[in-house]
Enquirer: 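One structure is given below, represented as structure tokens, and several questions about it will come after.
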Amino acid sequence: MNKKDYYEVLGVDKNASQADIKSAFRKLAKKYHPDNKETGDEAKFKEIGEAYAVLSDENKRKQYDQFGSAAFDGTGASGFGGFDPGDIDLNDILRSVFGDVGGFGGFSDFFGGGARTANSTRARKGRDTLVRLDLTFEEAAFGVDKDIDLTLNDICENCGGKGGFDETTCSYCHGSGYVVTEQRSLFGVIQSRTACPKCHGKGKSFKTVCKNCDGTGQERKKKTISIHIPEGVNTGHQLRISGKGEAGVNGGPNGDIYFEIHVKESNFYQRDNEDLTIELPITITDAILGTKKEIPTIYGNVMMDIKAGTQNGTKYKLKGKGLKIPNSSRKGDMYVVIKVMIPTKITREQKKLLEALEDTNLETNSEFKDFEKHL
């Protein structure tokens, strides 16, 4: 797929509402439809259809905003899988957009050609499902396997997804799946093919409608979805479980399930992507004389040398002690920020010792020198 800017294709801002996106598509679809003899452009029409198919879908739009075209070309780091513009049914798109104007039936129907109509019996993929998944800091840091209970549309077991029993040809449309009507549109009086109101475009009906699914061919079922969360995921990370979403239509494949990760913050570690930071409280004497301290990392405790003369706010780096980068062997780092603790109460003996420190020569300290210049 060409790496296009879908917002630019539709002529809308990246913060455009769904209403703005739909309005822009309506305008461009009328202009560039191949059956429009004055301004029709098939290539341009397919391009705006592709852009609308992505931006009108909240899940796809979110993926596109985060990863661009890489979210759909199967080569990016998002892990979402491919997206083929050929899979887009522009009839469905146009019907959803123009369905409130005179009963739109298809490309040519809208522009008066009348040669084609939507096929309600074609196999269509089931809807995708977006699920929020809350994790603790530890679960996100080390990865975890979870079983998630969901209620989704599935094939009706009673009728096998058909919707009824004893199939017969629809008597209203005689099996064609559509009826022809005349209507007035922006391009004059045209003939339109609309889905048969009795069989809903299927061209067939049943002597007995399935009571279990009320003729829809689908029923709500509880499912348990097993998912592996890799190490190092962060809030906003999405994982896709392919083919485990809602059932398809007319034998089409199931949709996908997208798990959007939300990680609870740690009470101890501060996180910046794969890097971690903690504050290490030390005494004045530790800062002056230097010491060794045991540091708690997520992989266990390590010993760290605190140099003599360490200043408050000094930052030490423990390489490779941060979080693992998802789907990678690399790890972030951990930073230890020194926090020199000032006592609020001292003994007389301690006070004498501290007063003796007032005679300490600080002239070699560059910060002290810079301050003295302004006195």
Side-chain angles (χ1 to χ4, degrees), residues 49 53 56-60 81-84 86-100 103-110 114-131 148-181 192-226 240-258:
S56 64
D57 184 294
E58 292 293 348
N59 287 340
K60 289 187 176 69
F83 171 79
D84 185 358
D87 292 338
I88 299 172
D89 190 323
L90 291 177
N91 265 328
D92 284 348
I93 293 176
L94 289 176
R95 187 175 297 103
S96 67
V97 175
F98 294 99
D100 57 338
F104 173 75
F107 290 168
S108 298
D109 296 341
F110 184 73
R116 289 166 287 183
T117 186
N119 183 3
S120 297
T121 61
R122 75 172 176 83
R124 298 196 300 275
K125 181 182 177 181
R127 292 187 303 176
D128 294 338
T129 303
L130 179 65
V131 179
I148 310 299
D149 293 328
L150 300 175
T151 301
L152 302 169
N153 284 342
D154 202 356
I155 296 297
C156 175
E157 292 184 356
N158 190 43
C159 65
K162 292 183 177 181
F165 308 94
D166 298 327
E167 182 179 308
T168 61
T169 300
C170 177
S171 59
Y172 192 82
C173 66
H174 306 291
S176 67
Y178 62 87
V179 292
V180 178
T181 60
S192 294
R193 292 182 178 183
T194 57
C196 173
K198 185 174 182 180
C199 66
H200 305 292
K202 295 182 178 180
K204 59 186 179 182
S205 59
F206 300 98
K207 291 182 178 180
T208 304
V209 175
C210 178
K211 294 182 179 179
N212 191 52
C213 64
D214 294 324
T216 64
Q218 297 186 358
E219 61 179 332
R220 301 288 284 175
K221 288 184 182 179
K222 290 184 178 180
K223 288 185 175 182
T224 299
I225 307 298
S226 297
R240 185 185 71 167
I241 305 298
S242 180
K244 296 295 184 180
E246 300 208 335
V249 179
N250 297 323
N254 283 28
D256 303 327
I257 300 178
Y258 292 90

Enquirer: Taking C-beta and beyond as the side chain, do Asp154 and Lys223 meet within less than 4.5 Å on heavy atoms?
Expert: yes
Enquirer: Please name the residue in the list Lys244, Lys60, Lys125, Arg127 that meets the salt bridge (charged side-chain N to carboxylate O under 4.0 Å, His left out) test with Asp256.
Expert: Lys125
Enquirer: Are Val131 and Leu150 close enough that some pair of their side-chain heavy atoms sits under 4.5 Å apart?
Expert: yes
Enquirer: Locate the shortest heavy-atom distance separating Phe206 from Phe165; write the atom from each residue and the value.
Expert: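 Scanning both residues, the minimum pair turns out to be CB-O, 3.4 Å.
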Enquirer: Looking only at atom types and distance, does a side-chain atom of Asn254 sit under 3.5 Å from a main-chain N or O of Gly126, one as donor and one as acceptor?
Expert: no
Enquirer: Under the salt bridge (Lys or Arg N to Asp or Glu O under 4.0 Å) test, which residues partner Lys198, sequence neighbours left out?
Expert: none
Enquirer: Where the side chain of Gln218 meets the backbone of Val249, is there a donor-acceptor pair that is under 3.5 Å apart?
Expert: no
Enquirer: Take Cys170 and Cys196, measure what side chain to side chain contact (heavy atoms under 4.5 Å, CB included) needs, and give me the verdict at the end.
Expert: CA-CA 9 Å; Cys170 177; Cys196 173; 3.8 Å; yes
Enquirer: Using 4.0 Å as the upper bound for N to carboxylate O, is an ion pair formed by Lys207 and Glu167?
Expert: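 Result for this pair is no, no salt bridge flagged.
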Enquirer: Apply the test side chain to side chain contact (heavy atoms under 4.5 Å, CB included) to residues Thr224 and Ile148: give CA-CA distance (whole Å), side-chain angles for both, the deciding distance (0.1 Å), then the verdict.
Expert: CA-CA 5 Å; Thr224 299; Ile148 310 299; over 6 Å; no
Enquirer: Measure the SG-CD distance between Cys213 and Glu157 for me, rounded to the nearest 0.5 Å.
Expert: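 Separation between the atoms: 11.5 Å.
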Enquirer: Where do Ile257 and Ile225 land on the side chain to side chain contact (heavy atoms under 4.5 Å, CB included) test, with the steps shown first?
Expert: CA-CA 9 Å; Ile257 300 178; Ile225 307 298; 3.9 Å; yes
Enquirer: At what distance, to the nearest 0.5 angstrom, does SG of Cys156 lie from CG of Asn158?
Expert: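 These two atoms lie 5.0 Å from each other.
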Enquirer: How about Cys173 and Tyr178: do any of their side-chain heavy atoms sit closer than 4.5 Å?
Expert: no
Enquirer: I need the Glu219 CD to Cys159 SG distance, nearest 0.5 Å.
Expert: 8.0 Å
Enquirer: Run the salt bridge (charged side-chain N to carboxylate O under 4.0 Å, His left out) check on Glu246 and Arg220 step by step: do they pass?
Expert: CA-CA 9 Å; Glu246 300 208 335; Arg220 301 288 284 175; 3.3 Å; yes
Enquirer: Looking at Ala247 and Ile155, what are the two nearest heavy atoms and their distance?
Expert: CB-N, 3.8 Å
Enquirer: Under a 4.0 Å N-O cut-off, is there an ion pair linking Lys222 with Asp149?
Expert: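 So Lys222 does not pair with Asp149 through a salt bridge.
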Enquirer: Could you point out which residue of Cys199, Ser205, Pro197 forms a side chain to side chain contact (heavy atoms under 4.5 Å, CB included) with Tyr172?
Expert: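 The side chain to side chain contact (heavy atoms under 4.5 Å, CB included) with Tyr172 is passed solely by Pro197 among Cys199, Ser205, Pro197.
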Enquirer: How long is the gap from OG on Ser242 to OH on Tyr258, to the nearest 0.5 Å?
Expert: 8.0 Å
